[in-house]
Amino acid sequence: AAHETFLGELNLTDWFFSVDNGASYQGDLVEVIKTDVTTVNVIFQSGFGITIHFLTEFGGVLDLLLMVPPRYNNNTVGLLGVMNNNPSDDLTTPDGRIIPISSVDKQIFNDFGQEWHVATVNDSIFFDKLHFSRRISFVPVFKSEIKMPDDVKIACHGDESCIYDSLVTGAYIKFVDNF
């Protein structure tokens with residue numbers, strides 16, 4: 001099916017919906033723990049981890065939390081920035097250029113994000129190379145280029161992510177009062 005997630009041979013989607021809260025799966029390099037009906041923790045042997053939480057109260061939004069071991073302080077680069085508590089160097093390109101954090105989203109996409117794209121299937125770290133595709137034509141909707149009506153700003157209580165998501169998806173906010 002189109003919405004299945006695999007970890008090696010394990011269908012994580014089927015596993016998640018068939019086990020009780022607190023269940024875990026131990027693989028060779030990873031442990032997966034279902035903490036409750038909306039949350040799964042994935043912990044890699046390297047010490048990295050990801051918590052994935054499905055926020056039903058906000059209309060089905062995914063919340064992801066990446067956990068990085070402290071030994072990687074000052075030893076990271078890429079789309080998630082430099083882990084050093086200094087936001088001004090988080091937009092560092094592969095060739096070392098630093099894009100100012102005050103840049104507009106379109107400039108960040110073009111001058112930073114596009115620099116980190118995976119160009120060929122052989123460059124991908126993922127195992128499922130059959131489904132690898134690079135969407136060259138994909139261009140996101142830039143917040144700097146959309147008009148933000150006052151009623152959406154008010155409904156979202158000024159929250160920029162809420163405003164952007166509302167305008168890009170075309171959905172008027174139903175869940176904002178819970179925000």
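The chain is numbered in sequence order, starting from 1. The model shown is predicted, which means the values in this text are computed figures rather than measured ones.
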**Student:** Does either side chain, that of N73 or that of N84, offer a donor lying less than 3.5 Å from an acceptor on the other one?
**Tutor:** no
**Student:** If you take all heavy atoms of T38 and H53, which pair is closest and at what distance?
**Tutor:** OG1-CE1, 3.0 Å
**Student:** Is there a side-chain contact between D111 and T93, using heavy atoms and a 4.5 Å cut-off?
**Tutor:** no
**Student:** Could you see if M83 belongs to whatever hydrophobic cluster contains W116? Use Ile, Leu, Val, Met, Phe, Trp, Tyr and a side-chain cutoff under 4.5 Å.
**Tutor:** no
**Student:** Within the 4.5 Å heavy-atom criterion, are P70 and Y72 side-chain neighbours or not?
**Tutor:** no
**Student:** Please tell me whether V68 and L64 are part of a single hydrophobic cluster in this structure, the criterion being side-chain heavy atoms less than 4.5 Å apart.
**Tutor:** yes
**Student:** Can you give me the closest heavy-atom contact between S46 and P69, atom names plus distance?
**Tutor:** O-CG, 3.8 Å
**Student:** Is T51 close to M67 at the side-chain level, that is, under 4.5 Å between some pair of heavy atoms?
**Tutor:** yes
**Student:** May I ask you to test the F44-E31 pair for a side-chain heavy-atom distance under 4.5 Å?
**Tutor:** no
**Student:** I want to check something: taking the side chain as every heavy atom from C-beta on, are V37 and F16 in contact at a cut-off of under 4.5 Å?
**Tutor:** no
**Student:** Using 0.5 Å steps for rounding, measure from the OH atom of Y164 to the CG atom of D159.
**Tutor:** 14.0 Å
**Student:** How about F48 and V42: do any of their side-chain heavy atoms sit closer than 4.5 Å?
**Tutor:** no
**Student:** Can you find a pair of side-chain heavy atoms, one from V40 and one from V32, that are under 4.5 Å apart?
**Tutor:** yes
**Student:** Please report the interatomic distance OG(S144) to CZ(F109), rounded to the nearest 0.5 Å.
**Tutor:** 12.0 Å
**Student:** Once you round to the nearest 0.5 Å, how far does OG1 of T92 lie from CZ of R97?
**Tutor:** 10.0 Å
**Student:** The criterion is salt bridge (Lys or Arg N to Asp or Glu O under 4.0 Å); which residues satisfy it with E160, sequence neighbours excluded?
**Tutor:** K143
**Student:** Quick one: do L65 and I52 end up in the same hydrophobic cluster if we chain Ile, Leu, Val, Met, Phe, Trp and Tyr together by side-chain heavy atoms under 4.5 Å apart?
**Tutor:** no
**Student:** With the 4.5 Å side-chain cut-off for hydrophobic clustering, are L79 and V77 part of the same group?
**Tutor:** yes
**Student:** My understanding is that only one of T35, I33, D36 makes a side-chain contact (heavy atoms from CB on, under 4.5 Å) with N21; could you say which?
**Tutor:** D36
**Student:** May I ask you to test the Y25-V19 pair for a side-chain heavy-atom distance under 4.5 Å?
**Tutor:** no
**Student:** Could you state the interatomic distance from CD (Q107) to OG (S102), rounded to the nearest 0.5 Å?
**Tutor:** 8.0 Å
**Student:** Could you grab the distance from atom CG of N110 to atom CD1 of I99, nearest 0.5 Å is fine?
**Tutor:** 10.0 Å
**Student:** Roughly how far apart are T39 OG1 and N41 CG, rounded to 0.5 Å?
**Tutor:** 7.5 Å
**Student:** Within a radius of less than 6.0 Å around CG of N85, do more than 12 heavy atoms belonging to other residues, nucleotides or ligands occur?
**Tutor:** no
**Student:** Has D28 got more than 12 heavy atoms of other residues, nucleotides or ligands less than 6.0 Å from its CG?
**Tutor:** no
**Student:** What's the verdict on side chain to side chain contact (heavy atoms under 4.5 Å, CB included) for V30 and I43, showing C-alpha distance, side-chain angles and the deciding distance?
**Tutor:** CA-CA 6 Å; V30 67; I43 303 162; 5.9 Å; no
**Student:** Could you report the tightest heavy-atom contact between S24 and W15, atom names first, then the distance?
**Tutor:** C-CZ2, 3.7 Å
**Student:** Any link between V141 and I163 through a network of hydrophobic side chains (Ile, Leu, Val, Met, Phe, Trp, Tyr) touching at under 4.5 Å?
**Tutor:** yes
